[in-house]
Amino acid sequence: MKIVVFSGIGLLSCLIQPIKYSLNTLSCDGAKLLRLLEHQAKEVFAKNGLKTPIGYLTTTLEEATKRSESLGFPVILKAQVPFGGRGKAGAIVRADNIEDLHNNFDRLINIEISGTKSNSILIEEFIPHEKEIYVSVALDRSRSSYVIIAAEEGGVEVEKIGTKIIESIEAFPIRRNVLEMVASKLGLDGHSLEQFVITLDSLGKIVDDYDLELAEINPLIMTDTGEMIALDAKLIVDDNSLFRQKQLAELDTDHDTLSAKASSLDFAFVELDGSSAVIGNGAGLVLSTCDLLKDSGGMPACFLDLGGGAQSDRVLEAIKVVSQLKKASSILLNVFGGITRCTEVANGIIRAFEEGFIQKPLYARISGAEEEEARELLTGHPLKIFSTVQEAISTLVRESDSK
Amino acid sequence: MTALIQRWLTGVKDPNEEGVIIQGITGKFGRFHTKLMLEYGTKIVAGVTPGKGGSTVDEIPVYDTVKEATERTGAKVSITFVPAPHFLAAAKDALEANISLVVAITEKVPIKDTILALKLARSKGASIIGPNCPGIIIPNKIKLGIMPANSFKEGPVAIFSRSGTLMYEASYHILRQGLGQTVAMGIGGDPINCTSLIDGLEWIRGSDATKALVIVGEIGGDTEEKLVEYAKKTDFKKPIIGYIVGRHAPKEKKMGHAGAIIYGSYGTADSKIKSFENSGYPVAMSSSQIPELVKKELAKSR
């Protein structure tokens, strides 16, 4: 999958510095945590007046060599994977010379973090600096509002920062006096205070304009000339807003994976490490089923939520999705009939049998509305039906073990 | 100002004294659940769909705005079935017409819109339940939402849940063990719940009929921890029983609900379970275990 990000915001619009982004990949799993890759986030920054290091996205050693030489060593090599803790995972390296570059390039372009492979490396100029600041605009769930989080200590994970300044944001744009207060709490004054105020103001506007859950700069550095530059960029999009964030929605084009297929069918789907595909109606119910399965020694291969009020064709589609999950050697279906009627589920299962999509043992807990009728419908089909999920799980685990 | 539901639950006010408005009544989903709520006995007096004013659904008059609907009917409650892009406008329409309680069934609402709706509700002294929630039911009195009626019967237990289906399932297990509910509410699966567990706790504090509180929680955020802390700090007298799902969920993945996500050590099931246990509140490991824990607590407090 290759797409152009922010088509229309080309090279020339990045007036502040020549960040050049070519084709790239976006990693977004079916659980829809839409986190932009660093270079995508930096493009958003640049478009909104935030300063970032001069950098180039590269996919070949040849290109990387050319770019590094034009930037001048030392350069920073950053594998583009959408996860935190890249420094610790060895995904960010400083190359002091061409040998360093050659020694690290292959490893970095193939590095895998949390199952996601990097396909590109961002090569950036190295900027000497003394002061590193942490700053973000984040959703605070318990305050039901956005907050500014800032600290004098940057470059480490936010959780590990000792003293943090946290200020609620009443409304966007953030008020000038709030921006100034945070800046002075960070010990800034004069030119640096003004620079920080501009930076934080832009960060707030980005959150508002792009419907983000989080915009984080960690670290924000101050150069000896008093400039503030975002060395890293982390943006997480509220995926419920994609209907009005067309540019961001275009990023979400990971069509090839099973997760993408499931989410295009509007199922909540997360691939997991185990061997039993877990399907249920309701996110909480599926989560609880995965818990109980693991408690009994089984391992979920996926989480699939049918959603409320599923009709038989939804059940059929869900079974089709998990039938493509090669690592799954059994299916565990947990339906609590309420708005979803058990007979609809039964009809979906029957169609899946008829169309040949159930080739693995199916253990189904079906209870609630129209349970008896559903059992009758399913008579004669090769699945095991239980009234409690615990019985279904115990049987599944026992029969998988004996194989 | 005391919340409307608190007045219902403490018997100060009859839930069906004033009527209920359905926003988005002409859609398939809204129409279907209007019928089920009417069958349950909920007094639905009007529907609202902009542009469809003057029509009827199941003999219920439809208006273009909530303002018109409230002027004609005096309703104080609205339920939204409108699609997410229209939620904020619908909530504003309701709150500006002085609706006291908005039950937001609508799912996939942008967080920013939820925050704006909540701010407006607070400034008006009104409540919103949800969004992305199944609603609230006071068995035998009123059903404001999409929950299946047969999981609920009058009894001594209050249930607040972040998940819809688990609320139905927990309630069903409670019925099977001969108990029932004073109230069951789903607060919604989103990162922001306009009515928090703490708001719910205050609603039932003065309800003599409520003898125990069941909290069905899940990974993500810290609303369960905050509830436990608040209950202890304010000396809440009724027993609380917890049930938390997602004990084995991976990090940084949205597990079905937008709000069911762990970041680092924030939002883990472990943290929530520990906060209950450290405060002496029992935690069920499965929904079927909830009734026995409830019974044990009820026996203790007798």
Side-chain angles (χ1 to χ4, degrees), chain A residues 29-33 35 83-84 114 139 141-142 144-146 157-159 170-172 207-208 211 213 238-241 243-244 268-270 272-273 280-295 300 303-305 307-309 336-340 367-369 388-390, chain B residues 29 84-85 108-115 118-119 134 146-148 150-151 161-169 172 189-194 196 216 218-223 226 243 245-261 264-266 269 285-288:
Chain A
D29 59 46
K32 286 229 162 200
L33 173 58
R35 176 175 170 165
F83 296 100
S114 301
L139 179 70
R141 294 170 62 149
S142 48
S144 300
S145 78
Y146 282 92
E157 284 170 55
V158 61
E159 287 192 321
E170 287 300 317
F172 292 108
V207 167
D208 194 30
D211 274 302
E213 286 185 25
D238 169 14
D239 47 88
N240 282 351
S241 302
F243 69 87
R244 64 187 182 201
F269 178 88
V270 181
L272 300 165
D273 298 330
N281 62 324
L285 189 73
V286 185
L287 264 183
S288 74
T289 311
C290 291
D291 282 353
L292 296 173
L293 177 64
K294 265 202 157 173
D295 288 346
F303 166 109
L304 191 152
D305 174 14
F336 180 73
I339 301 304
T340 309
S367 102
T388 71
V389 69
Q390 198 51 62
Chain B
F29 196 47
K108 298 192 176 172
V109 177
I111 290 169
K112 219 166 69 187
D113 296 2
T114 300
I115 291 175
L118 176 58
K119 280 214 163 98
I146 60 172
M147 61 290 281
N150 54 10
S151 275
S161 174
R162 284 177 61 196
S163 147
T165 323
L166 281 183
M167 174 172 104
Y168 319 153
E169 202 193 31
Y172 169 81
D190 280 359
I192 290 185
N193 313 121
C194 293
S196 67
V216 181
E218 65 187 18
I219 53 165
D222 57 7
T223 184
K226 289 263 162 36
Y243 175 48
V245 301
R247 284 183 279 120
H248 302 294
K251 288 183 180 180
E252 294 213 0
K253 300 265 185 194
K254 288 188 179 171
M255 302 304 284
H257 287 145
I261 180 164
S265 59
Y266 178 66
M285 283 293 123
S286 66
S287 58
S288 58

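In what follows, chains are A, B, ... by sequence order, proteins preceding strands, each numbered from 1. Given the structure is predicted, the values throughout are model-derived calculations rather than measurements. Both backbone and side-chain heavy atoms feed into the values below; hydrogens, waters and symmetry mates do not.
S142(A) OG to N193(B) CG: the interatomic distance, rounded to the nearest 0.5 Å, is 11.0 Å. Note: D190(B) CG to N240(A) CG = 6.0 Å, rounded to the nearest 0.5 Å.
Both the backbone and the side chain of E169(B) come within contact range of chain A, each with at least one heavy atom under 4.5 Å from a heavy atom of that chain. Contacts between T388(A) and chain B at a heavy-atom distance below 4.5 Å are absent for every atom of the residue. For chain B, no part of E157(A) is nearby; none of its heavy atoms comes within less than 4.5 Å. Heavy-atom distances place the side chain of S151(B), and not its backbone, under 4.5 Å from chain A. Residue contact with chain A, scored on non-hydrogen atoms closer than 4.5 Å, involves the side chain of Y243(B) exclusively. Using a 4.5 Å cut-off between heavy atoms, K108(B) touches chain A through backbone and side chain atoms alike. Neither the backbone nor the side chain of K251(B) comes within contact range of chain A, judged by heavy atoms closer than 4.5 Å. Neither the backbone nor the side chain of T114(B) comes within contact range of chain A; no heavy atoms are under 4.5 Å apart. For M167(B), no part lies under 4.5 angstrom from a heavy atom of chain A.
Taking each heavy atom of L118(B) and S144(A) in turn, the nearest pair found is CD2-CB, 3.5 Å. Shortest non-hydrogen contact noted between E159(A) and G264(B) is OE2-CA, 3.7 Å. Residues G284(A) and S163(B) share a closest heavy-atom pair of CA-OG, 3.6 Å. Of all non-hydrogen atoms in P191(B) and R141(A), the two that sit nearest each other are O-NE, 3.4 Å.
Residues Y146(A) and I111(B) have side chains in contact (heavy-atom distance under 4.5 Å, counting atoms from C-beta outward). Residues R244(A) and P110(B) meet the side-chain proximity criterion, which asks for heavy atoms closer than 4.5 Å. Side-chain contact between M255(B) and D305(A) is absent, with no heavy-atom pair separated by less than 4.5 Å.
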side-chain contact (heavy atoms from CB on, under 4.5 Å) between Q390(A) and S286(B), intermediate numbers included | CA-CA 9 Å; Q390(A) 198 51 62; S286(B) 66; 5.6 Å; no

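Across S196(B), G259(B), C194(B), the residue that shares the most heavy-atom pairs under 4.5 angstrom with chain A is G259(B). Interface summary for chain A: among I219(B), V109(B), T223(B), the most heavy-atom pairs under 4.5 angstrom belong to V109(B). Chain B forms more heavy-atom pairs under 4.5 Å with one residue of L287(A), D211(A), L272(A) than with any other, namely L287(A). Counting heavy-atom pairs closer than 4.5 Å to chain A, the top-ranked of the candidates M147(B), K119(B), R162(B) is K119(B). Of the residues considered (L292(A), D295(A), V286(A)), D295(A) shows the highest number of contacts with chain B, using heavy-atom pairs under 4.5 Å.
In summary, the aromatic rings of Y172(B) and F336(A) are positioned with their centroids under 6.0 Å apart.
Here the rule is side chain to side chain contact (heavy atoms under 4.5 Å, CB included) with K112(B), and of L139(A), D238(A), D208(A), V207(A) only D208(A) fits it. Of the residues listed (V245(B), T165(B), V216(B)), the one engaging S288(A) in a side chain to side chain contact (heavy atoms under 4.5 Å, CB included) is V245(B), and it is the only one.
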